[in-house]
Structures are given as C-alpha cells and as structure tokens.
Amino acid sequence: MAQVTLSVGGLSYTVGCQDGEEDHLKALAASISQRLEEVRRTLGPRGDGEAMFLVSLLMADDLYEARKKQMTDEERSLVERSRQIEASCKQTAGRLADAADIAASLLSRVEEGLRPSGSAAAAGEAAAGE
C-alpha cells in the first residue's frame, strides 16, 4: 500500500492508497485546490472552514448532476433496441418502395395488354364499315 502527501489550501495531508493511484489522488487534490481558490476569490476574507464547506457543496453538486445524466444499463439496452428497430423500419420501408415500383410496372403491363392493338382496332373498324 502506497502513501501520498497531498496539499490542499496550504495544508498537507498524508493518505494511504493503492499502488499506482498516487497521481490520481494528486489530480483530485489539485482540483479541490483550484475550486478552493475560486471560492476564496468570490467570498473574500471569510474563514477557511466556510470556504472548504462551499467547495464540498459545489463538488457534491457536480457529482449529483453527473450521476443524474448517467444512463443505467436498462436505458442503454433500450437505446440499442430502439436503434435496431429504427434500422429494421428503414429496411422494411425500402422493401415496400421496391414492391410498389414492381406493382406499378406490372399494372402498366396489364393496362397495355387490355388496350386494343393498332391492327386489331383497324380490323374492327374495317368489319364495321362493311
């Protein structure tokens, strides 16, 4: 188990951590220090205790908002299922459009077959004239 010394607000704290986690903890402490300096600039010469409380409150709010935005496994599953259904609908729509084109083509052929041809129409007129 490793130990790392962290500096926050001019004070040093030595904490234990898993080996390899030292840099992560230093980055967290730097983030807290940065927020603390921002709060101190905003509050002016108030006490460190109040400033640290406000930093804690701000960071807790950040965490709350991040958790609120995080999707659950069920939500991720539903989004994936929705994407699959959408892709299936697009594929079906394409197939229906192809089928409509084929039906229109067949209808045209049937209608052409039902029209009297030029020679049949002439023969019918000739027979009517006699």
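The model shown is predicted, which means the values in this text are computed figures rather than measured ones.
Contact check for L96 versus D98: no side-chain heavy atoms found under the 4.5 Å cut-off.
Ion pairing of K68 with E65 is present here, as a side-chain N (NZ or NE/NH1/NH2) and a carboxylate O approach within less than 4.0 Å.
Note: S31 OG to D62 CG = 8.5 Å, rounded to the nearest 0.5 Å. In this structure, CD on Q84 lies 9.5 Å from OG on S88, to the nearest 0.5 angstrom. Interatomic distance, L106 CG to E111 CD, rounded to the nearest 0.5 Å: 11.5 Å. For the atom pair CZ of R40 and OG1 of T42, the computed distance is 12.0 Å after rounding to the nearest 0.5 Å. In this structure, the separation between OG on S105 and CG on D101 is 8.5 Å, given to the nearest 0.5 Å.
By the 6.0 Å contact criterion, CD on E80 is enclosed, its count of non-hydrogen atoms from other residues, nucleotides or ligands being greater than 12.
Not a single side-chain hydrogen bond (donor to acceptor under 3.5 Å, both in side chains) links R67 to another residue, sequence neighbours left out. By the side-chain hydrogen bond (donor to acceptor under 3.5 Å, both in side chains) test, E50 is found to be paired with R46, residues two or more places apart in sequence or in another chain being considered. For D73, the side-chain hydrogen bond (donor to acceptor under 3.5 Å, both in side chains) test picks out R76, with sequence neighbours left out. Residues passing the side chain to side chain contact (heavy atoms under 4.5 Å, CB included) test with R95 are Q91, sequence neighbours excluded. For R41, the side chain to side chain contact (heavy atoms under 4.5 Å, CB included) test picks out E37, E38, with sequence neighbours left out.
The shortest heavy-atom contact between E75 and Q70 is OE1-O, 4.0 Å. Contact record, L58 with R35: CB-NH2, 3.2 Å, taken as the closest heavy-atom pair.
S82 places no side-chain N or O within 3.5 Å of a backbone atom of L78 that could act as its donor or acceptor partner.
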Using a 3.5 Å cut-off and no angle test, enumerate the donor-acceptor pairs between side-chain atoms of residues 7-27 and protein atoms at least two apart in sequence or in another chain.
| from | atom 1 | to | atom 2 | distance (Å) |
| --- | --- | --- | --- | --- |
| T14 | OG1 | T5 | OG1 | 3.1 |
| D19 | OD1 | A2 | N | 3.3 |
| E22 | OE1 | G20 | N | 3.0 |

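The hydrophobic clustering, which links ILVMFWY residues whose side-chain heavy atoms are closer than 4.5 Å, places I32 and L6 apart.
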